[in-house]
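The structure under discussion appears below in the form of structure tokens.
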Amino acid sequence: MSVPETKSAPETKSGVSVHVRGLRKSFGEHAVLKGIDLEIQAGEIFVIMGPSGSGKSIFLRHVIGLETPDGGEVLVDNIRVEDDSIRDRVRMAMVFQSGGLLNSLSVAENVGLYLAEHRIHPPKEIARVVKEKLEAVQLNDADGEKNPTELSGGMKKRVAIARALVMEPQLVLYDEPTSELDPLVAITIGREIVKLNRRVGATTVVVSHDRDLAFGIADRIAFLADGKILQVGTKEEIKSSQIPLIQEFISADFAVK
């Protein structure tokens with residue numbers, strides 16, 4: 001049996017811009033996105049924060065092209081996400097809230113799938129990269145041999161992030177990356193998000209209601225509520241917002257009186 005020729009790794013390219021114009025989406029009579037306008041700069045870490053049910057995850061699915069809008073458009077590197085050529089021109093990765101792993105493959109095979117399918121490295125190098133990325137999210141060789149069905153929700157999330165790290169993406173999207181994770185692992189994940197962004201200049205879009213994560217990693221934050229953007233700004237601008245809903249959200253605390 002002949003061994004297929006190994007392709008060289010694609011040339012690293014800086015992050016890509018994302019332009020969202022008049023984005024609208026409804027399910028039946030329920031309007032989820034009500035005319036979203038956003039400009040995300042190439043290479044920045046952009047966090048979309050807001051309460052549950054505000055439309056954050058649906059917005060993210062539109063950015064990567066998994067949902068078709070009722071109106072408006074999303075441009076990634078000035079290419080419409082519906083364009084068939086976008087996957088060949090822009091490396092995009094998404095970390096789903098559920099993990100999105102393939103149960104027919106081991107954890108290690110899930111993480112190395114992109115490299116194996118695109119023949120970017122020979123098998124030994126793929127194994128080295130997979131090991132490195134699993135260790136980055138605090139998983140070991142024994143974890144790599146497991147099936148995803150054997151993992152907890154938090155471990156699945158870490159595997160999904162390792163899989164995204166392997167791709168060295170130009171645009172990486174995270175849907176609630178710290179949900180189901182304990183505080184120490186959540187900090188580790190936040191650091192990995194920043195490290196990937198800084199290392200390859202990947203544009204990073206994070207959907208989260210985790211205030212610590214948002215204020216810890218974001219260059220800019222958009223606050224989304226009821227399908228509308230209430231404010232876009234730096235961490236300091238969002239923290240000092242005079243909009244009552246934003247102030248209530250960022251200052252909410254659990255106290256028993």
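Here the structure is a predicted model, which means the values were calculated and not measured.
Looking at V16 and M92, their side chains never come closer than 4.5 Å, going by heavy atoms from C-beta outward.
In the displayed structure, K228 atom NZ is contacted under 6.0 Å by at most 12 heavy atoms of other residues, nucleotides or ligands. Atom CZ of R191 sits in a sparse spot, with 12 or fewer heavy atoms from other residues, nucleotides or ligands closer than 6.0 Å.
D219 places a side-chain N or O within 3.5 Å of a backbone atom of I45 that can act as its donor or acceptor partner. No donor-acceptor pair under 3.5 Å is formed between the side chain of E29 and the backbone N or O of F27. Under a 3.5 Å cut-off, the side chain of E44 and the backbone N or O of Q41 do form a donor-acceptor pair. A donor-acceptor contact shorter than 3.5 Å links the side chain of S241 to the backbone of I243. With E135 contributing its side chain and E132 its backbone, the two residues share no donor-acceptor pair below 3.5 Å. Side-chain atoms of K34 do not come within 3.5 Å of backbone N or O of S26 as any donor-acceptor pair.
In this structure, I48 and K56 approach most closely via the heavy-atom pair O-CD, 3.6 Å. Residues N147 and L105 share a closest heavy-atom pair of ND2-O, 3.9 Å. Nearest approach of I193 to P177, heavy atoms of both residues: CD1-CG, 4.0 Å. Of all non-hydrogen atoms in L245 and A225, the two that sit nearest each other are CD2-CB, 3.6 Å. In this structure, A202 and V172 approach most closely via the heavy-atom pair CB-CG1, 4.5 Å. Considering every non-hydrogen atom in both M167 and A93, the closest pair reads SD-CB, 3.7 Å.
Between the CD1 atom of I36 and the CD1 atom of I58 there is a distance of 12.0 Å, given to the nearest 0.5 Å. For the atom pair M49 CE and S54 OG, the distance stands at 10.5 Å (nearest 0.5 Å).
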Let's go through T149 and N103 carefully: what are the C-alpha distance in whole Å and the side-chain angles of both, what is the deciding distance for side chain to side chain donor-acceptor pair (under 3.5 Å) to 0.1 Å, and is it a yes or a no? CA-CA 7 Å; T149 57; N103 292 334; 5.5 Å; no

Determine whether S106 and E145 satisfy the following criterion, side chain to side chain donor-acceptor pair (under 3.5 Å), listing intermediate values before the conclusion. CA-CA 6 Å; S106 70; E145 295 175 0; over 6 Å; no

Salt bridge (charged side-chain N to carboxylate O under 4.0 Å, His left out), that's the test. Do K239 and E236 meet it? Break it down for me. CA-CA 5 Å; K239 286 180 179 179; E236 292 73 22; over 6 Å; no

Is there a side chain to side chain contact (heavy atoms under 4.5 Å, CB included) between F215 and I250? Walk through the geometry before answering. CA-CA 10 Å; F215 292 130; I250 64 177; 3.8 Å; yes

Please report the C-alpha distance between I40 and T203 in whole Å, then the side-chain angles of each, then the deciding distance to 0.1 Å, and finally whether the side chain to side chain contact (heavy atoms under 4.5 Å, CB included) criterion is met. CA-CA 8 Å; I40 300 172; T203 304; 3.9 Å; yes

Kindly determine whether K146 and D143 satisfy salt bridge (charged side-chain N to carboxylate O under 4.0 Å, His left out), including the steps that lead there. CA-CA 5 Å; K146 293 178 181 178; D143 295 318; 3.3 Å; yes

Can K131 and D141 be said to form a salt bridge (charged side-chain N to carboxylate O under 4.0 Å, His left out), step by step? CA-CA 7 Å; K131 178 181 175 66; D141 290 341; 3.1 Å; yes

Please evaluate residues I238 and Q231 with respect to the criterion side chain to side chain contact (heavy atoms under 4.5 Å, CB included), reporting the C-alpha separation (whole Å), side-chain torsions for both, the decisive distance (0.1 Å), and the verdict. CA-CA 8 Å; I238 295 297; Q231 185 174 346; 4.0 Å; yes

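For the residue pair Q138 and T188, a side-chain donor N or O sits within less than 3.5 Å of a side-chain acceptor on the partner. Under 3.5 Å, the side chains of D210 and T178 contain a donor-acceptor pair of N or O atoms.
Tested against P69, the residues R21, K25, H62 include a single side-chain contact (heavy atoms from CB on, under 4.5 Å) partner, H62.
The ring pair (Phe, Tyr, Trp, His ring centres under 6.0 Å) test applied to F249 returns F223, not counting sequence neighbours.
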